[in-house]
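Structure record follows, encoded as structure tokens.
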Amino acid sequence: MLSEIPRMIAPPMILMQHGLLDDHQKQSHNTAADITFKMRCTGTCFLSRSTAFDFPLLLRILRKLHATGAMPFAFCTREKLPWTEFAESAEDGLTTRFCQKLAKKHNMVVVSPILERDDVHGGTLWNTAVVISNSGSVLGKSRKNHIPRIGDFNESTYYMEGNTGHPVFQTQFGRIAVNICFGRHHPLNWLMYSLNGAEIIFNPSATTGELSESLWPIEARNAAIANHCFTCAINRVGTEYYVNAFTSGDGGKAHHDLGYFYGSSYVAAPDGSRTPGLSRTQDGLLVAEVDLNLCRQVGDKWSFKVSLYSLKKPGQFANFYMTLNGPYMLVFVEFKLLLKMKPSSPYDSEDHTQKVSGGLLTS
Ligand SMILES: NC(=O)NCCC(=O)O
């Protein structure tokens, strides 16, 4: 990363962006061997795969499931069986066990997005990233907390908003968090991971060109600046074909794909610098060396987060921010309270704000 500040800690990170199932079927074990070899050569400490749903890559490597080979990666079309049968335990599922071995063998922290089935709680499904330490133990998991209901992304068909809050994992190489895919559109989401102490926030994504490519270079980069942390935006490449046509629920024609997944994975730093993006069309590994001291150094310079804690009504604001695992929608409540306390324009007059109750106009 570009930085004028002397480097003290520099854990190389690797982002893995890859294509769709057909490619992986051909590559299978060779791909896995190749990738892990490259990782070892770079001395990498973190590995994060792209997309919420690239777990079939690892499953595919482990067991030749599904004779048709048609397991979708994005999984948003509302079809259920047989896809839900790919769900697995975050703690000891096949993918997790596979990644544990990799992590230990290569002394590398692994961020592993899977479709989770929580058998302890009624067999519920979640979109989950498992974090595995470089010793091979499962450090924990982070469930996707904003679920898209937009265009062809109908993920609430399978699972709801996650209930794990904004966990941060202390690894040997730094404190990390995982803001899964759609969560990157929500500035307060990044903020919560950062306030909980994350120095690097991974954003494993599966997103398509027309929908989000204009936002892609901005969101994770801006989050790095606003929160004095590193962010890793990871997307996949290619077009996924579904045998059964589906509609977008907008009166348009039925179609067989979600659009083009445009890759372009990158790492952004707290000082606003960023790496070049990986290819729009090819698989890729991005190795970035990051200086974690930059988080504190840039934070001390700009103090964006400090100003949150120093607002005039600390009882209302700071207390909330210090109990950071609560639902952060409460932040809005606090903002509304502030608005009530100090009207700043004719539209925020006492009269008007009194009519606002629970987000609804009462008269
Ligand atoms: N997988 C997913 O959440 N995609 C939604 C599209 C986007 O966030 O750009």
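Counting starts at 1 for both ligands and their atoms, in listed order.
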Evaluate salt bridge (Lys or Arg N to Asp or Glu O under 4.0 Å) for E155 paired with K144, printing each intermediate quantity in order. CA-CA 11 Å; E155 292 182 36; K144 185 173 183 176; 2.8 Å; yes

Could you tell me, atom by atom, which parts of ligand 1 come under 4.0 Å of a heavy atom of [X]?
X	result
T207	6 (C), 7 (C), 9 (O)
L211	6 (C)
H185	7 (C), 8 (O), 9 (O)
S212	9 (O)
R184	7 (C), 8 (O), 9 (O)
K144	1 (N), 2 (C), 3 (O)
C181	1 (N), 2 (C), 3 (O), 4 (N)
A206	1 (N), 2 (C), 4 (N)

Looking only at heavy atoms, which two atoms of F182 and I150 are closest? And how far apart? CE1-CG2, 4.0 Å

Count the heavy atoms of every other residue, nucleotide or ligand shown that sit under 6.0 Å from CD of Q170, and state whether that count exceeds 12. yes

Show every donor-acceptor pair shorter than 3.5 Å between a side-chain atom in residues 222-232 and any protein atom, with sequence neighbours excluded, or say none if there are none.
residue, atom, partner, partner atom, Å
N227, ND2, A223, O, 3.0
H228, NE2, F304, N, 3.1
T231, OG1, A220, O, 2.7

With sequence neighbours excluded, tell me which residues meet side-chain contact (heavy atoms from CB on, under 4.5 Å) with Q100.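 With neighbours one apart ignored, the set is T96, R97, I132, V138.
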
Please confirm whether H146 comes under 4.0 Å of ligand 1, counting heavy atoms of the residue only. no

If only atom types and distance count, is the side chain of S205 paired as donor or acceptor with the main-chain N or O of T207 below 3.5 Å?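 Looks like no, no N/O pair under 3.5 Å.
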
Does the gap between the ring centers of H256 and Y242 come in under 6.0 Å?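 Between Y242 and H256, which both carry aromatic rings, the centre distance is not below 6.0 Å.
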
Check each heavy atom of F182 against ligand 1 and say whether those closer than 4.0 Å belong to the side chain, the backbone, both or neither.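 The part of F182 near ligand 1 is both the backbone and the side chain.
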
